[in-house]
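Data block below; observations after.
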2 protein chains.
Amino acid sequence: MRNNYSFKMMITENFPEQLKQKGLKVTPQRLAIYEAVVKLKNHPTAEKIIEYIRVNHPNISVGTVYKVLDSLVENNLLKKVKSDKDIMRYDAVVIHHHHLYCSETDRIEDYKDEALDTLILEYFSKKKINNFKIQDITLQISGKFNNT
Amino acid sequence: MRNNYSFKMMITENFPEQLKQKGLKVTPQRLAIYEAVVKLKNHPTAEKIIEYIRVNHPNISVGTVYKVLDSLVENNLLKKVKSDKDIMRYDAVVIHHHHLYCSETDRIEDYKDEALDTLILEYFSKKKINNFKIQDITLQISGKFNNT
DNA sequence: CTGCGTGCAAATGGTTTGCACTACG
DNA sequence: CGTAGTGCAAACCATTTGCACGCAG
């Protein structure tokens, strides 16, 4: 977490072990679904995940996918991402980071910037908000990707 | 927009006139729905809005409420607010501002802070994001309200 | 045995859509 | 007339739920 360049690397580190630590059993369904979220770029919807795993696991049911996603989010192994649409999307990067949104293309990219975080934290260490205790600040940065 | 203390005041300014400017007809339904969003604190859901207007307008239908909300959002007279749940909520404050979230109570408060905006803008005027052109930055500030 | 995890299908619930009707220019 | 706006009810669709089965400890 100290180095920015590799903040996405930890997402695949020993997922089965993390399941065990949380008291969750290691099942083919959970492995497949987690792999789908990691491999699929652009913060997939449940639908995309189902589509992806169906190739190698045609028998995993829709209900199971939602149940697994919920339990992984609850155990902080995945994160839910709100998009402009009212469809939930999922993110395998669970450490603190921001998001770049393009409303035209529905593309969502992770954005980590510790200098920015520090700047904002410093600001709020001086300026308090009335009757509110801050726990977390996440930026939604909207704009356009340059043809990539 | 220059003075912070009154940033919520403009929301009620001559709504019928704004409708006309956008080429929308002034109807009792639109007035009632807009009034509901303004009067109801905490960024109401469609359900809360329906509940509110039902008292004085028992015959406005659910479909109409959704259609009116959509058209007002499209014409920038209201804004959609994403909450943790997958239910849409609406905000009568359409100028740029941030949100304070309390996940425990589902409370959402508007937060305007031009000094903070300036700070962040200055930061990004120096540091560019690769392949991305920023159009808007919105903060989601999560935390807890102090018993108010 | 005990129970977590799964598959399946039905149910749920917020939102949308189609269509006929109305009011107003 | 012509059309934007509305009411109503059915449809939609992402997600949830209930339940029976299966597998591992």
Side-chain angles (χ1 to χ4, degrees), chain A residues 15-16 18-37 40 43-54 56-75 77-90 106, chain B residues 15-16 18-37 40 43-54 56-75 77-90 106:
Chain A
F15 177 65
Q18 293 185 43
L19 280 177
K20 281 182 205 159
Q21 281 177 19
K22 306 282 185 173
L24 299 174
K25 290 183 181 170
V26 180
T27 67
Q29 289 85 347
R30 284 177 175 150
L31 297 177
I33 290 164
Y34 184 77
E35 187 204 323
V37 180
L40 286 168
H43 306 74
T45 61
E47 196 188 358
K48 296 280 181 190
I49 294 165
I50 292 164
E51 187 186 318
Y52 180 91
I53 62 177
R54 185 136 294 168
N56 290 320
H57 305 267
N59 42 345
I60 297 182
S61 74
V62 174
T64 298
V65 171
Y66 280 102
K67 284 173 195 163
V68 167
L69 287 172
D70 276 357
S71 78
L72 294 184
V73 168
E74 213 159 282
N75 286 281
L77 297 172
L78 289 179
K79 278 208 158 188
K80 281 191 178 185
V81 179
K82 304 172 256 218
S83 70
D84 281 339
K85 316 291 170 64
D86 57 353
I87 305 173
M88 275 303 165
R89 296 167 66 161
Y90 296 87
D106 257 356
Chain B
F15 178 66
Q18 293 186 43
L19 280 178
K20 280 181 205 159
Q21 281 177 19
K22 306 282 184 172
L24 300 174
K25 290 184 180 170
V26 180
T27 67
Q29 289 85 348
R30 284 178 176 150
L31 297 176
I33 290 165
Y34 184 76
E35 186 203 324
V37 180
L40 286 169
H43 305 74
T45 61
E47 196 188 359
K48 296 279 182 191
I49 294 165
I50 292 164
E51 187 186 318
Y52 180 91
I53 62 177
R54 185 135 294 168
N56 291 320
H57 305 267
N59 41 346
I60 297 182
S61 74
V62 174
T64 298
V65 171
Y66 281 102
K67 283 173 196 165
V68 167
L69 287 172
D70 276 357
S71 80
L72 294 184
V73 169
E74 214 158 283
N75 287 279
L77 297 171
L78 289 179
K79 277 207 161 189
K80 282 192 177 184
V81 180
K82 304 171 255 216
S83 70
D84 281 341
K85 318 288 169 67
D86 56 353
I87 304 173
M88 275 301 165
R89 296 168 68 160
Y90 296 88
D106 257 356

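A, B, ... follow the sequence lines: proteins, then strands. Residue 1 opens every chain. For the numbers below, each heavy atom of this structure counts, side chains included, while hydrogens, waters and symmetry mates do not. Computed from a predicted model, the values in this text were never measured in an experiment.
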Shortest non-hydrogen contact from [X] toward [Y]:
X: B/L19; Y: B/K25; value: CD1-O, 4.0 Å
X: B/V65; Y: B/I33; value: CA-CD1, 3.7 Å
X: B/A32; Y: B/I53; value: O-CG2, 3.5 Å

> 5'-most contact on DNA chain D: B/G23 or B/P58, nearest heavy atom basis?
Replying inline: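 Counting from the 5' end, the first nearest nucleotide belongs to B/G23.
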
Separation of [X] atom [atom1] from [N] atom [atom2], in whole Å?
X: A/I50; N: C/dG7; atom1: CD1; atom2: C1'; result: 13 Å
X: B/Q29; N: C/dA23; atom1: CD; atom2: P; result: 11 Å
X: B/N59; N: C/dA23; atom1: CG; atom2: P; result: 12 Å
X: B/E74; N: C/dT16; atom1: CD; atom2: P; result: 11 Å
X: B/I49; N: C/dG14; atom1: CD1; atom2: C1'; result: 13 Å
X: A/R54; N: C/dG7; atom1: CZ; atom2: P; result: 10 Å
X: B/I33; N: C/dT15; atom1: CD1; atom2: P; result: 14 Å
X: B/K20; N: C/dG25; atom1: NZ; atom2: P; result: 11 Å

> To the nearest 0.5 Å, what is the distance between OG1 (B/T45) and CD1 (B/I87)?
Replying inline: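 Answer for the OG1-CD1 pair, B/T45 versus B/I87, is 6.5 Å.
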
>> To the closest 0.5 Å, what do you measure between CZ (B/R30) and CD1 (B/I60)?
In response: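 Atom-to-atom, B/R30:CZ and B/I60:CD1 are 11.5 Å apart.
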
> Closest nucleotide of DNA chain C for A/S61 versus for B/E47: which of these residues is on the 5' side?
Replying inline: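 The residue mapped nearer the 5' terminus is A/S61.
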
> Is a donor on one side and an acceptor on the other found under 3.5 Å between the side chain of A/K82 and the backbone of B/K82?
Replying inline: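 The answer is no, because no donor-acceptor pair under 3.5 Å joins these two groups.
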
With the side chain counted from C-beta on, respond yes when [X] and [Y] share a heavy-atom pair under 4.5 Å apart, and no when they do not.
X: A/T27; Y: A/V68; answer: no
X: A/E51; Y: A/L40; answer: no
X: A/Y90; Y: A/H43; answer: no

>> Does anything in residues 62-72 of chain B come within less than 4.0 Å of DNA chain D? Heavy atoms only, and list the residues if so.
In response: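 The answer is B/T64, B/K67, B/V68.
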
> First and last nucleotide of DNA chain D in contact with chain A, 5' to 3', at under 4.0 Å to a heavy atom: what are they?
Replying inline: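 Contact span on the strand: D/dA14 to D/dG18.
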
